[in-house]
Structures are given as C-alpha cells and as structure tokens.
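By convention in this document, chain letters (A, B, ...) are assigned in the order of the sequence lines, proteins followed by strands, and residues within each chain are numbered from 1.
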Amino acid sequence: MNLISELRWRGMIQDIKPGTEEQLQKEMTTAYIGFDPTADSLHVGNLVPIMLLVHLQRAGHKPLALVGGATGMVGDPSFKAEERKMLDEATLLHNQQSIKAQLERFLDFDQAKPNYAEMVNNYDWFKGISFLSFIRDVGKHITVNYMMAKDSVKKRLEGDSGMSFTEFSYQMIQGYDFYHLYNTMNCKMQMGGSDQWGNIVTGTELVRRIGGGEAYAFTCPLIKKKDGTKFGKSESGNIWLDPAKTTPYQFYQFWLNADDEDAESYIRIFTFIDEPAVNSLIAEHRQDQSKRVLQKRLAQEVTTFIHGEAEYEAALKTTESLFSKNAGVDVLKTMSEEQLLQTLTGVDVKEVPAAALTEQKDVVTFLAEAGIFPSKGEARKLIQGGGMSMNGQKITAVDQKITEESLLNGKNILFQKGKKNYYLVRFI
RNA sequence: GGGCAGGUUCCAGAGUGGCCAAAUGGGGCGGACUGUAAAUCCGCUGUCUUUCGACUUCACAGGUUCGAAUCCUGUCCUGCCCA
C-alpha cells in the first residue's frame with residue numbers, strides 16, 4: 001500500500017512537499033520524527049507521530065525516532081504563547097531513556113530487517129558543535145528574514161511577551177537535525193505535526209542550500225476535539241502511555257469517552273483498521289450513536305496496541321462491572337476481596353489502616369485522610385454538591401460516619417467521585 | 001542608553017485609597033438531563049475551616065495611611081518607539 005494514499009484517506013496529511021510521494025515510491029526511504037523529552041513517558045498526544053512511524057515502517061520504509069535531547073534544552077516556540085521552562089540535563093537524560101524504552105515496543109528494531117527502526121538523539125551531535133562554528137557554518141545559509149517569516153515566529157513577534165534568542169534559534173537547531181540525518185543516515189524525509197511545518201521546511205532548506213540535496217516532508221493535522229479543547233487530557237491530567245502513570249483501565253476509559261464526532265476521525269488515525277471496515281463501522285455508528293460502536297472499538301484497538309490484549313480484557317471487565325446497568329455495585333457486593341480487586345483492576349486503590357473503622361470518622365475527614373481529596377474543604381464541597389457516592393449510593397450528609405457497616409464485603413469500600421472516578425479503599 | 005506603555009487570581013481582562021479574595025468572559029470541576037455523548041440549564045472555582053472566621057494573594061522590596069491591587073520610592077521583567 002502506498003504510504004501517502006493510505007495516510008490520506010485516514011486524514012493524516014496536512015502539508016506535503018512536492019515530490020514526496022514519488023520519492024516514497026521510488027525507493028526505501030528513511031524518514032524521521034522528533035519527540036520532545038519533556039516528561040519521562042510519552043502520552044496520547046505523541047500517539048500520532050508514533051502511528052506515522054509505524055505506518056511508514058509497514059509500508060517498507062525505514063523509521064528514525066529522534067529524541068530531542070538538544071532541542072529539549074531549547075524549547076520549541078511554535079505557536080506557544082510563552083517560553084517554556086527549561087529542564088536540567090539530568091532530567092532530560094532520564095526522560096530520553098524512558099521514551100526510548102517505550103518506542104521500542106511499537107517499532108521493529110530488528111536489525112535483520114532492511115528497514116529496521118533506529119533511535120537517535122540530537123544531543124549526540126550537538127554536544128560537539130561550538131556556537132561559533134554553528135553560526136558560521138549553518139547560520140550563514142539562512143537569513144533572519146526567512147526565519148521571521150514563519151507563522152510560528154510571527155505569532156510570537158506580534159504577541160506581547162516577546163521571544164528570546166534561544167527560542168528563535170530553535171528552528172535552526174531542528175533544521176540542522178534534518179541536515180545532519182540527511183548526511184549521516186541518508187534520511188530524506190521528515191514528518192511531524194502541522195505545527196512543525198515551519199521548522200521542517202527550514203530543515204529541507206538547509207539540506208538544499210548547504211548540501212545541494214533534495215529532502216521531503218509532510219505533516220499531519222493536529223488532533224482537535226470537536227469542542228476545541230486540547231486533545232489528550234482528562235480531568236486528572238495527561239493520558240500517559242506508561243501504565244504506572246495511567247492505568248490501562250483509565251487509558252481505555254479515555255478512548256471510550258471520545259465524542260461521537262471525534263470518534264469518526266480517531267478510528268482512522270489511531271487504529272490500523274482498513275478503509276472498508278472503518279466505513280462500515282462508521283455507518284453502523286451513525287445508525288445508533290448511543291451504542292457507541294466506534295468508541296468501543298477505538299478503545300479496544302488502542303488499548304490493545306499500547307498495553308496488550310490481556311490488559312484490554314481487564315480494562316473491559318472493570319468498565320463493565322462499574323458502569324453496566326444490570327450488574328453494577330450489587331454484583332461487587334457478592335465478591336470476595338480477591339475477585340473484587342481483580343475485577344476492578346486499574347481503579348485507584350487507597351489503603352487505609354483498619355483502625356480508622358473503629359474511630360467512627362465522618363466521611364469528610366475519612367476521604368481527606370484516605371487521600372481521595374487533598375483537604376476536608378474540598379471533600380465537603382463535592383459532597384454538598386452531590387458529587388460523591390459510596391458503594392453506589394449517593395452520600396447525602398457530610399457528617400455521615402464511616403463504620404464497619406459501610407464495608408462492601410467486609411473489607412473494602414468503593415467510592416465514586418464525580419461521574420467517572422472510582423476509588424477502592426482497602427483496610428489494612 | 002533615551003522616551004512611552006505595562007506587569008492583577010488557571011487564561012483573557014476589569015478594578016485606580018475602605019463596599020476587594022477582587023467584576024465579566026473562557027477554562028476546569030460538580031449536579032440535572034442523557035448514551036460514562038453533545039447541546040442546554042444550575043452550582044462551585046485563593047488556602048484552611050462544620051458556621052463564625054482565620055490566613056496568604058494583585059511583579060519584588062521598602063514607605064505613606066486608621067486602612068493600599070489602588071498613593072510614594074527603589075528594583076526586576078516585558079512590549080513599542082528612538083539611538
């Protein structure tokens with residue numbers, strides 16, 4: 001399958017340099033995408049670049065994942081309102097290693113394959129370059145006028161917070177990455193989100209002006225939610241790929257909660273389901289949206305891709321027991337503690353000393369001490385707002401006591417904060 | 001280096017001596033409705049606190065005043081213009 005036409009029907013092509021498609025058809029092409037080491041795990045926002053690399057490799061080309069050790073020290077100003085805080089070197093190093101470990105699970109690094117994936121870190125080549133040699137050998141080839149004409153830069157120039165020279169330099173640094181990879185690894189193509197287009201084109205310009213070579217690129221539209229809010233966040237923050245940060249159950253829930261409209265584009269972007277199958281799923285979805293056919297399939301595919309089959313099954317089981325109408329909490333009551341814990345895999349567990357039971361604490365104090373709320377004030381506020389349930393029953397009084405009678409099966413209490421946040425309290 | 005305009009709570013943005021924990025909008029959270037959706041409506045949104053209230057905030061440091069986000073002095077930072 002032709003990579004570009006595959007990505008095109010999925011709605012994953014925004015800008016594309018002329019000749020890119022021809023290049024891909026002509027020969028096995030090496031292409032790269034950069035990842036920012038801003039945290040020690042990738043999150044769902046990074047999923048699009050990952051998908052691009054996977055598609056690339058499946059189409060027989062060679063993917064490079066670049067971890068931005070150097071660029072991470074500078075910070076991309078593209079379309080951001082303000083300069084971001086800098087990370088220290090130790091943190092960056094730690095983050096790079098964690099990200100590398102994650103990426104290794106999605107791409108095929110088997111060197112026996114002609115198009116095996118590779119990982120590079122731009123810090124490796126930047127650490128040896130002096131400022132003087134850089135501005136002389138590289139800076140010479142790009143005019144400031146050219147750099148300032150970029151939309152990403154213009155926005156900051158027009159804003160009222162200014163832009164430091166450090167940030168302004170960013171596109172040169174990233175551009176040089178491309179040039180470097182072109183020279184050392186015969187990498188002829190770069191991909192990225194559409195906010196990267198400006199930076200990417202600076203790279204192709206450097207390849208052309210310094211080396212006289214031809215480089216290609218395309219970008220993927222940024223994922224937007226229908227309501228315009230940022231993709232990849234939930235009430236509790238980022239959705240991480242690291243199961244220690246976001247449990248597979250929570251991860252599954254994130255996708256299951258996709259908006260009806262968004263689900264139609266997500267299923268194309270975040271799964272590998274082929275076009276006819278996607279079309280029939282969408283048709284089925286439109287017939288009766290309340291069944292959430294798309295969301296369920298989407299959540300299944302993505303969870304399986306990231307966490308594996310077994311974790312998906314567990315997440316599904318947890319979801320069914322917590323949200324299904326006919327099962328619900330009543331079923332949980334009949335379970336042993338072991339069954340309960342197994343059923344509720346991925347739900348936040350809070351451990352509380354068993355002594356707390358005999359002290360007849362009121363819910364507010366109890367919840368604050370159990371760590372479900374940061375303070376009594378917040379616990380009270382939410383309870384008064386009617387947003388807190390215990391074992392499936394709404395808590396109506398702030399002075400309700402927690403005693404042994406509150407126990408679900410003699411051992412635990414299941415709390416529900418808001419509509420979708422569950423906490424299992426275990427007494428130890 | 002000179003001139004001008006600014007720095008307010010998550011964001012935008014009012015407030016220019018007491019009625020200010022600070023309008024309004026956005027965002028976030030919660031509730032009702034529903035399909036664990038969207039739209040709509042309602043509530044909460046500095047921290048702690050059962051109520052009263054206490055404490056910390058309007059760039060930073062001092063000062064004037066019974067009382068300052070608001071006035072004065074200095075410092076730092078930003079934008080625009082000039083050099």
Between B:G35, B:U36, B:G30, which one does the side chain of A:Q289 approach most closely?
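Per side-chain heavy atoms of A:Q289, the pick is B:G35.
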Of the nucleotides B:C48, B:U36, B:G35, which has the atom closest to the A:N257 side chain?
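Out of B:C48, B:U36, B:G35, the nucleotide with an atom closest to A:N257's side chain is B:U36.
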Hey, does the side chain of A:S290 come within less than 4.0 Å of B:A37's phosphate (OP1/OP2), counting only N and O?
no
State yes or no: are the ring centers of A:H307 and A:F251 separated by less than 6.0 Å?
yes
Taking the C1' atom in each of B:C80 and B:G31, what is the distance between them to the nearest angstrom?
48 Å
Applying a 3.5 Å limit to both distances, which nucleotide forms a Watson-Crick or G-U wobble pair with B:U70?
none
For A:R292 and B:A37, is the shortest distance between a side-chain N/O and OP1 or OP2 below 4.0 Å?
no
Separation of the C1' atoms in B:U47 and B:U56, to the nearest angstrom:
7 Å
Atom of A:I99, atom of A:A39 and distance for their closest heavy-atom approach
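What the structure gives for the nearest pair is CD1-O, 3.6 Å.
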On the nucleotide B:A37, are OP1 or OP2 found under 4.0 Å from the side-chain N or O atoms that A:K420 carries?
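For B:A37, OP1/OP2 do have a side-chain N/O of A:K420 under 4.0 Å.
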Which heavy atom of A:W125 sits nearest to which heavy atom of A:I129, and what is that distance?
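Minimum heavy-atom separation between A:W125 and A:I129: O-CG1, 3.3 Å.
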When we call it a touch if two heavy atoms are under 4.0 Å apart, what does A:K376 touch: a base, just sugar-phosphate, or nothing?
sugar-phosphate
Any residue meeting side chain to side chain contact (heavy atoms under 4.5 Å, CB included) with A:K150, in chain and number order, not counting sequence neighbours
A:Y146, A:S152, A:V153, A:Q171, A:T202
Need one value for A:Q384: base, sugar-phosphate or nothing, where a base atom within 4.0 Å counts as base even if backbone is also close, heavy atoms only.
nothing
Nucleotide opposite B:U34 in a Watson-Crick or G-U pair, distances under 3.5 Å:
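Across any shown strand, B:U34 pairs with none.
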Provide the Watson-Crick or G-U wobble partner of B:G6, both distances under 3.5 Å; none if there is no partner.
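Partner of B:G6: B:C77.
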Do A:K381 and B:U49 have a side chain to base donor-acceptor pair shorter than 3.5 Å?
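For A:K381, whose side chain was compared with the base of B:U49, there is no donor-acceptor pair (under 3.5 Å).
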P spacing across the pair B:G6 / B:A22, given as an integer number of angstrom:
26 Å
Whole-angstrom distance between B:U34 and B:G27, as gauged at atom P
24 Å
A:K419 side chain N/O closer than 4.0 Å to the phosphate oxygens (OP1, OP2) of B:G30?
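Checking B:G30 against A:K419, no side-chain N or O comes under 4.0 Å of OP1 or OP2.
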Side chain proximity check, A:I200 to A:Q174, heavy atoms < 4.5 angstrom
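The answer is yes; the side chains approach within 4.5 Å.
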Name the closest nucleotide to the A:E378 side chain, picking from B:A32, B:C48, B:U49.
B:C48
From CD of A:Q253 over to C1' of B:A37, roughly how many Å is that when rounded to an integer?
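Roughly 13 Å, once rounded to whole Å.
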Ranking A:G377 and A:G418 by the position along RNA chain B of their nearest nucleotide, the one closer to 5' is A:G418
Base, sugar-phosphate, or nothing for A:K394, non-hydrogen atoms under 4.0 angstrom?
sugar-phosphate
For the side chain of A:Q295, counting heavy atoms from C-beta on, which of B:G30, B:A37, B:G35 is nearest?
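The closest nucleotide is B:G35.
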Any chance the rings of A:H55 and A:F272 have centres within less than 6.0 Å?
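For A:H55 and A:F272, the ring centres are under 6.0 Å apart.
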Using purine N1 to pyrimidine N3 plus N6-O4 or O6-N4 for Watson-Crick, or N1-O2 and O6-N3 for G-U wobble, both under 3.5 Å, which nucleotide pairs with B:G1?
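Result: B:C82.
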Go ahead and name the base partner of B:G25; Watson-Crick or wobble counts if both distances stay under 3.5 Å, otherwise write none.
B:C11
Between B:G35, B:C29, B:A37, which nucleotide has the shortest distance from any of its atoms to the side chain of A:D259?
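Among B:G35, B:C29, B:A37, the one nearest the side chain of A:D259 is B:A37.
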